[in-house]
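Working notes for the structure below.
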Amino acid sequence: MIIDLRSDTVTKPTKGMLEAMWSAEVGDDVFSEDPSINKLEQKAADIFGMEAGLYCPSGTMTNQTAIKVLTQPQQEVICDVQAHIYKYEAGGMAFNSGVTPRLINGDRGRLSPQDIIDNINPENTHFAPTSLVALENTSNRGGGSYYSLKQISDIHQVVRNNCLKFHLDGARIFNALTETGDSPKDLGQLFDTISVCLSKGLGAPVGSVLLASKENIQKAKRIRKVFGGGMRQAGFMAAAGIYALDNNITRLKEDHKRAKQIEAALKQLSFVESIMPVDTNILIFRLIPSITNDEFLTKLAANNIKAAATAKQTIRFVTHLDFNDDMLTELIRVLKK
Ligand SMILES: *Cc1c(COP(=O)(O)O)cnc(C)c1O
């Protein structure tokens with residue numbers, strides 16, 4: 001038994017998902033003729049009460065496409081210093097859109113309305129025009145922290161008062177909604193664009209969907225094309241996404257429960273210096289100075305457990321669809337040993 005806690009991207013399709021993929025109806029999606037992709041895009045859009053969707057091979061592509069749709073070169077994008085769009089997309093916003101990030105030291109990846117107000121550039125030829133605010137929910141580097149609808153609504157006020165655009169990197173949005181109980185439709189009203197990942201907690205092998213107005217999705221389609229993301233009979237993959245939306249959302253609470261159980265175990269261990277609050281399915285904790293990341297990860301690996309180091313003395317575990325109660329028991333046994 002291998003226990004892989006490096007990320008919630010490591011899941012493999014289940015039998016039910018494979019059957020859905022195997023029997024998918026497909027067509028050429030560049031001609032918008034793939035019934036499975038069309039169905040997935042509309043289904044995801046309907047969940048958030050948005051007009052249209054666009055299926056892309058990765059969350060990086062949905063985020064980068066959204067930034068390209070919502071900005072012009074020379075403008076500035078407000079985001080957290082730890083945001084995926086800045087930290088993990090290979091400099092994409094500068095390369096693809098010619099925009100610069102305005103980086104905020106948020107609260108575990110989360111911005112406040114005041115953060116936005118304080119960082120909008122005044123009208124002055126020296127400054128890049130501020131044009132877009134991008135939130136991440138849940139925040140990956142924030143250890144799975146999430147926003148309530150009220151918090152996002154308050155930021156939305158500032159965004160609209162200043163005629164800015166508003167993007168949500170919702171790679172793990174269903175993890176957030178599982179905890180808040182907020183309605184996805186209420187969230188959908190607030191943003192110009194939302195990126196939703198199907199291959200993280202939801203367990204599909206590939207893909208993210210970008211949600212927006214019909215007009216913005218029309219623009220996004222041309223951008224997806226120039227990024228090389230115009231796919232043909234990708235409905236086999238989209239069918240896995242439909243299956244994921246139908247079957248794998250309500251079970252996310254199990255991942256959160258297991259993360260809490262790991263947290264409880266870590267609190268008892270002498271080699272753990274501190275643990276970031278565990279809000280969803282991500283655990284980030286610090287090791288005491290006498291044990292290095294490499295030593296710790298090597299010991300875990302010797303017991304068939306994989307984890308990731310995210311900074312000096314800092315380890316991350318992510319729970320997911322392929323991490324079950326037997327694995328939880330084994331993990332806790334090994335950690336205690
Ligand atoms: C994983 C992730 C993405 C997208 O990643 P891809 O690997 O390109 O699909 C975007 N945002 C966040 C917060 C993520 O964790």
Side-chain angles (χ1 to χ4, degrees), residues 4-13 40 44 53-68 77 79-93 95-97 101 103-104 106 108-111 132-147 152 166-179 187 191 193-211 220 223-224 227-229 231 234 237-238 240-241 244 252 255-256 259 276 279-284 308 310-311 316-321:
D4 195 342
L5 295 166
R6 288 171 301 170
S7 174
D8 43 8
T9 55
V10 300
T11 57
K12 309 239 171 77
L40 169 67
L54 189 68
Y55 183 57
C56 290
S58 71
T60 299
M61 193 181 286
T62 44
N63 280 333
Q64 291 298 318
T65 299
I67 294 168
K68 185 77 185 152
V77 176
C79 65
D80 185 83
V81 67
Q82 307 265 36
H84 196 281
I85 57 166
Y86 166 66
K87 203 174 167 90
Y88 295 119
E89 298 186 6
M93 73 169 83
F95 188 82
N96 297 316
S97 300
L103 300 173
I104 315 286
R108 291 174 59 214
R110 289 165 300 194
L111 309 183
L132 172 66
V133 174
L135 305 186
E136 184 173 311
N137 196 19
T138 67
S139 163
N140 179 354
R141 295 279 306 186
S145 59
Y146 56 83
Y147 293 89
I152 295 179
F166 204 22
H167 172 66
L168 175 63
D169 178 354
R172 295 187 179 83
I173 188 58
F174 290 112
N175 293 89
L177 294 173
T178 295
E179 290 302 315
L187 208 65
F191 290 98
T193 47
I194 299 183
S195 162
V196 179
C197 184
L198 302 163
S199 70
K200 295 242 163 91
L202 298 189
V206 169
S208 285
V209 187
L210 181 65
L211 307 175
I223 292 160
R224 182 185 68 174
F227 286 170
M231 299 182 288
M237 294 299 170
L252 289 172
D255 298 342
H256 299 182
M276 219 186 255
D279 294 337
T280 51
N281 70 327
I282 301 176
L283 289 115
I284 296 178
T310 58
R316 187 181 81 160
F317 291 162
V318 187
T319 61
H320 52 72
L321 188 57

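The figures here come from the full heavy-atom set of this structure, side chains too, leaving out hydrogens, waters and symmetry mates. Both counts, for ligands and for their atoms, begin at 1 and track the order of listing. Numbering of residues begins at 1 and proceeds along the displayed sequence.
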Could you check whether any side-chain N or O of R110 sits under 3.5 Å from a backbone N or O of G142, counting only pairs where one atom can act as donor and the other as acceptor?
no
Run through all N or O atoms in ligand 1 and write down each protein N or O closer than 3.5 Å, as a pair with its distance.
| unit_1 | atom_1 | unit_2 | atom_2 | d |
| --- | --- | --- | --- | --- |
| ligand 1 | 8 (O) | G59 | N | 3.4 |
| ligand 1 | 8 (O) | T60 | N | 2.9 |
| ligand 1 | 8 (O) | T60 | OG1 | 2.6 |
| ligand 1 | 9 (O) | G59 | N | 2.8 |
| ligand 1 | 11 (N) | D169 | OD1 | 3.1 |
| ligand 1 | 11 (N) | D169 | OD2 | 2.6 |
| ligand 1 | 15 (O) | N140 | ND2 | 3.3 |
| ligand 1 | 15 (O) | R172 | NH1 | 3.0 |
| ligand 1 | 15 (O) | K200 | NZ | 2.8 |

For L210 against A220, the heavy-atom pair lying closest together:
CD2-CB, 4.0 Å
Checking R316 now: which residues fulfil salt bridge (charged side-chain N to carboxylate O under 4.0 Å, His left out) with it, not counting sequence neighbours?
none
Residues in salt bridge (charged side-chain N to carboxylate O under 4.0 Å, His left out) contact with D8, at least two apart in sequence or another chain
R172
Matching residue for F166 among I194, L135, T193 - test: side-chain contact (heavy atoms from CB on, under 4.5 Å):
L135
Applying ring-ring contact (aromatic ring centres under 6.0 Å, His included), can you list everything that pairs with H256, at least two apart in sequence or on another chain?
none
